[in-house]
Structure formats: C-alpha cells, structure tokens
Peer 1: 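The structure's right below; bear with me while I get my questions together.
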Amino acid sequence: MNRTIGILVTNTDTSDFAKGQPNDGEKFTALMRSVRPQWNYRTYQVKDGELPGDLSECDGYIISGSPASVNDDQPWVHLFMDFIRQLDAARKPTVGCCFGHQAIAKALGGEVGNNPGGWGFGVAQTHFNTAEAYMVPKVDKLHLFAAHSEQVTKLPPRAVVLGGDDFCPVGSFRVGDHFFTTEFHPEITRDFFVGLVNAFEGYIGREVATEARRQAETPTDSRIFAEWMARFLER
C-alpha cells in the first residue's frame, strides 16, 4: 500500500556547515526511500511555523532532530508541543528522533534535562528489552549515531521504555501504538557525522570530538531502524 509520510523538520542549524549539507527533510527521505521507495514524502519546516493544516494530509509523521532544546521558550516550540498533543489525541502514527523523541516526551507530560554524563556524541548502542511486532529484523542491540546534550529524564504517563543503556536509560520508548521514538539519528551517515564533529569541535570540545571520530568507525544499523520505522508507520 502506498503512503504519504510527513517529515516534520525541527532543525535550526544555519551554520555554513549545515548550508553545505542535505537538510533533514532530504536525509530522512533518503533513509526511508532505502526501504520504502514507493512511498511519498512531504516536508514541513516546523521551525518556520509550517505544520500540516490537517492531520489527514499524511498517513504518518517523522519528527527530526535539532540543536534547539524542547525546553526553549520559543513560539514555534510551544506551537509544536500543541501539535504533538493533537497527534496523540488522533493516535496518528509518528516516529520521533532525537529532538522528536524528547519533544514527544515533553509534550505529553515528561521531562527533558541535561545528560548527567555530558555530551552523547558518537555511536550509541541501544539495548532493546522489549520486542515490538514491527521490530523486524529482530535484534537485541542497535547502533546509531548520537549527538545530544539533553535526554528524557522522566517518562510521560502511558509511555513504555523499549530500550536504552547506562548513559541514556530512555533511549527508545512508545506511547500506545501510535508513537515510537529513538534518542538517536538513523538519518545520519558516517561522512555527515565526521563533518559535523569537525565543524563543531570548538563547541563540543576536543576530547569529545576525538572520541566521536573514533566511534564513527563503528558500523551503524540505520537500515534496520529504517525498516522498523516503516513497519511501524504502515501498521
């Protein structure tokens, strides 16, 4: 069955590095086309106040990452929190990644705060302790790129943790059968990640950047997670 998936872009990065790279709408479209090339993909620039006029415009949604914080007192962030609550009320299939993961938690009554261990920058391993029907192929551990200084510190009501690790205990959760999240970045390629580290080494610090470049050599499981996303969205 053909579907239209809305990609809700929340990325606020306007650096020279970002301008020379595919935007998050393009990255997520490429990721999902690797597993569902027949689907249609539509991008919304949430940070510019662009949101679907009607939830029925798309069959499901993907929320991107962002250097912005879900705790920012910005009009577009508040508007987006309201939109997530609309998605929840309508039980619209939605996948949240990084900022999207945190935004779903915050919008539904959870809490997001600074990572106790500092930056999570590199390749993160999520240990899945719950296997949902859409998690095919089945794996117990998944590697994805990480780039976050905040994380979910308190789950919202109705949320169920699916996986995490010692650094990020809430690495993935679900709410009902309509929200599925990851703290990490399935859309990021190795080349993009290394370029990101190099561009922002002065911001994240040399030690974090050096370790991130080392971890970047670890193969990631983006294609597997993309398949999970697709199976979730088509349920």
Side-chain angles (χ1 to χ4, degrees), residues 1 3 5 7 24 27-39 41 59-65 93-105 110 115 117 119-148 151-152 155-156 158-194 196-197 211-235:
M1 177 180 175
R3 279 174 164 74
I5 303 300
I7 302 171
D24 280 4
K27 288 200 283 287
F28 273 104
T29 296
L31 173 70
M32 296 307 296
R33 279 186 174 154
S34 73
V35 293
R36 295 296 185 276
Q38 74 276 20
W39 287 5
Y41 301 94
D59 299 297
Y61 293 93
I62 297 169
I63 307 173
S64 80
T94 303
V95 178
C97 300
C98 198
F99 180 95
H101 159 91
Q102 297 173 13
I104 289 172
N115 299 340
W119 275 104
F121 226 106
V123 175
Q125 181 174 261
T126 304
H127 300 263
F128 285 91
N129 47 46
T130 301
E132 300 293 324
Y134 46 84
M135 292 180 177
V136 178
K138 182 180 178 181
V139 296
D140 297 328
K141 292 180 288 187
L142 209 67
H143 294 86
L144 295 174
F145 283 113
H148 63 113
Q151 60 192 30
V152 175
L155 279 172
R158 298 180 289 125
V160 177
V161 175
L162 301 178
D165 64 6
D166 290 341
F167 182 86
C168 183
V170 184
S172 176
F173 68 86
R174 68 169 176 82
V175 176
D177 59 0
H178 57 289
F179 283 154
F180 171 44
T181 77
T182 176
E183 176 60 62
F184 308 114
H185 289 274
E187 82 284 8
I188 286 182
T189 64
R190 179 186 177 278
D191 286 347
F192 176 87
F193 182 77
V194 172
L196 183 69
V197 172
E211 176 62 15
R213 281 189 285 264
R214 185 190 69 79
Q215 290 186 23
E217 299 303 318
T218 302
T220 60
D221 300 306
S222 291
R223 181 68 180 267
I224 292 176
F225 196 81
E227 181 65 28
W228 289 9
M229 292 169 67
R231 288 173 178 267
F232 173 80
L233 291 166
E234 68 191 0
R235 293 172 70 211

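Quick caveat, the model's predicted, so the values are computed rather than measured.
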Peer 1: Just how far is it from atom OG1 of T189 to atom CG of L196, taken to the nearest 0.5 Å?
Peer 2: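 Between T189 OG1 and L196 CG, I get 10.5 Å after rounding to 0.5 Å.
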Peer 1: Ignoring hydrogens, what is the shortest heavy-atom contact between Y41 and R36? Give both atom names and the distance.
Peer 2: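 Y41 and R36 have their closest heavy atoms at OH-O, 2.9 Å.
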Peer 1: Using a 6.0 Å distance limit plus a 45 degree cone around the ring axis, check whether K141 lies over the aromatic ring of F128.
Peer 2: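 Output no; distance or angle outside limits.
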Peer 1: Begin with the C-alpha distance, continue with both residues' side-chain angles, and end with the deciding distance and a verdict on salt bridge (charged side-chain N to carboxylate O under 4.0 Å, His left out) for R231 and E227.
Peer 2: CA-CA 6 Å; R231 288 173 178 267; E227 181 65 28; 2.9 Å; yes
Peer 1: Please round to the nearest 0.5 Å and tell me the distance separating atom CD of E187 and atom SG of C98.
Peer 2: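 Atom-to-atom, E187:CD and C98:SG are 8.0 Å apart.
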Peer 1: Carefully, step by step, assess I5 and M32 under the rule side-chain contact (heavy atoms from CB on, under 4.5 Å).
Peer 2: CA-CA 9 Å; I5 303 300; M32 296 307 296; 5.9 Å; no
Peer 1: What distance separates I7 CD1 from K27 NZ, expressed to the nearest 0.5 Å?
Peer 2: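 These two atoms lie 11.0 Å from each other.
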Peer 1: Run the side-chain donor-acceptor check on residues 158-175: report pairs under 3.5 Å with partners two or more places apart or on a different chain.
Peer 2:
from, atom 1, to, atom 2, distance (Å)
R158, NH1, D88, OD1, 3.4
R158, NH2, D88, OD2, 2.7
D165, OD1, F167, N, 3.1
D165, OD1, C168, N, 2.6
S172, OG, T181, O, 2.7
R174, NE, E132, OE2, 3.2
R174, NH1, G176, O, 3.2

Peer 1: Are F232 and F225 an aromatic pair by the rule of ring centers under 6.0 Å?
Peer 2: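 Not close enough - the centres of the two rings lie 6.0 Å or further apart.
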Peer 1: So which atom in P186 and which in M229 form the shortest heavy-atom distance, rounded to 0.1 Å?
Peer 2: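 Scanning both residues completely, I find the closest heavy atoms to be CG-SD, 4.2 Å.
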Peer 1: Would you check if the side chain of D221 reaches a backbone N or O of H143 as a donor-acceptor pair within less than 3.5 Å?
Peer 2: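 Yes; judged by distance alone, with no hydrogens or angles, the pair exists.
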Peer 1: So which heavy atom on F145 is nearest to which on I188, and how close?
Peer 2: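 Here F145 and I188 meet closest at CD1-O, 3.4 Å.
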Peer 1: From H185 NE2 over to F28 CZ, what is the distance, rounded to the nearest 0.5 angstrom?
Peer 2: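 Taking NE2 in H185 and CZ in F28, the distance rounds to 8.0 Å.
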Peer 1: Below 4.5 Å, heavy atoms only, C-beta onward: do V95 and I63 meet side chain to side chain?
Peer 2: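 V95 does not reach I63 side chain to side chain.
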Peer 1: Does the ring center of Y134 lie less than 6.0 Å from the ring center of F180?
Peer 2: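 Aromatic pair counts; centres sit under 6.0 Å.
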Peer 1: Between R190 and E217, is the side-chain contact (heavy atoms from CB on, under 4.5 Å) condition met? List the steps.
Peer 2: CA-CA 8 Å; R190 179 186 177 278; E217 299 303 318; 2.3 Å; yes
Peer 1: Would you say W228's side chain and R223's backbone share a donor-acceptor pair under 3.5 angstrom?
Peer 2: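 No, the answer is negative, given that no donor and acceptor are paired below the 3.5 Å cut-off.
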Peer 1: Can a donor-acceptor pair be found, under 3.5 Å and without considering hydrogens, that links the side chain of R3 to the backbone of G60?
Peer 2: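 No, because the side chain of R3 does not come within donor-acceptor range (under 3.5 Å) of the backbone of G60.
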Peer 1: Before we go on, tell me: are the rings of H148 and F99 under 6.0 Å apart, centre to centre?
Peer 2: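 No, too far apart.
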Peer 1: To the nearest 0.5 Å, what is the distance between CD1 (I224) and NZ (K138)?
Peer 2: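 The CD1 atom of I224 sits 13.5 Å away from the NZ atom of K138.
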Peer 1: L233 vs T94, test: side-chain contact (heavy atoms from CB on, under 4.5 Å). Steps then yes/no.
Peer 2: CA-CA 7 Å; L233 291 166; T94 303; over 6 Å; no
Peer 1: About how many Å separate OG1 of T220 and CZ of F193, when rounded to the nearest 0.5 Å?
Peer 2: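 Here the rounded value is 10.5 Å.
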Peer 1: In sequence, state the C-alpha distance, the side-chain angles, and the governing distance for L31 and S222, and then conclude on side-chain contact (heavy atoms from CB on, under 4.5 Å).
Peer 2: CA-CA 8 Å; L31 173 70; S222 291; 4.2 Å; yes
Peer 1: At their closest point, which heavy atom of A230 faces which heavy atom of V35, and how far apart are they?
Peer 2: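 The answer is CB-CG2, 4.1 Å.
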